[in-house]
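Scroll down for the structure; my scribbles are underneath it.
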Amino acid sequence: MTRISEEAINSLAMGGGGDAVVGELRAVQWSKHRLLVLAVVREAARVGHPHAEMAERAFAALSQPGYTAPNLT
């Protein structure tokens, strides 16, 4: 899981930020969302959901090296 650096937290606490800190926050959010999706994928497999395999393939695609979160701004 990606974590936000102490420097970024300190910068935010002092009213700063900037592109680097926003980038860290974005990476942390993306990591958190991937973990949540993984939990859903594992639960679907555990209960034998009919779309569990499709969910596993989708998660595998999201997990490919070089895949980045879409920029929604």
Exercise. Given a cutoff of under 4.5 Å between side-chain heavy atoms of I, L, V, M, F, W and Y, with clusters grown through shared members, what are the other residues clustered with Met14?
Worked result: none
Problem set entry | Gap between atom CD of Glu7 and atom CG of Asn10 - 0.5 Å precision | 7.0 Å
Problem set entry | Enclosure of Glu53 CD (heavy-atom neighbours >12, cutoff 6.0 Å) | no
Problem set entry | Set of ring pair (Phe, Tyr, Trp, His ring centres under 6.0 Å) partners for His33, sequence neighbours left out | none
Exercise. What is the distance from atom CD of Glu56 to atom CZ of Arg42, rounded to the nearest 0.5 Å?
Worked result: 10.0 Å
Exercise. Do you know which two heavy atoms are closest between Ser11 and Gly17, and how far apart they sit?
Worked result: OG-N, 3.1 Å
Problem set entry | For Val37, the rest of its hydrophobic cluster, which grows through side-chain links under 4.5 angstrom | Leu38, Val41, Phe59
Exercise. Rounded to the nearest 0.5 Å, what separation is found between the CD1 atom of Ile4 and the CD1 atom of Ile9?
Worked result: 5.5 Å
Exercise. Do the side chains of Trp30 and Leu62 get nearer than 4.5 Å, heavy atoms only?
Worked result: yes
Exercise. Does Glu24 reach the main-chain N or O of Ala8 with its side chain, forming a donor-acceptor pair under 3.5 Å?
Worked result: no
Problem set entry | ILVMFWY network linking Val28 to Leu12, side-chain heavy atoms under 4.5 angstrom | yes
For this session: Please report the closest heavy-atom contact between His49 and His51, naming both atoms and the distance.
Result: ND1-N, 2.9 Å
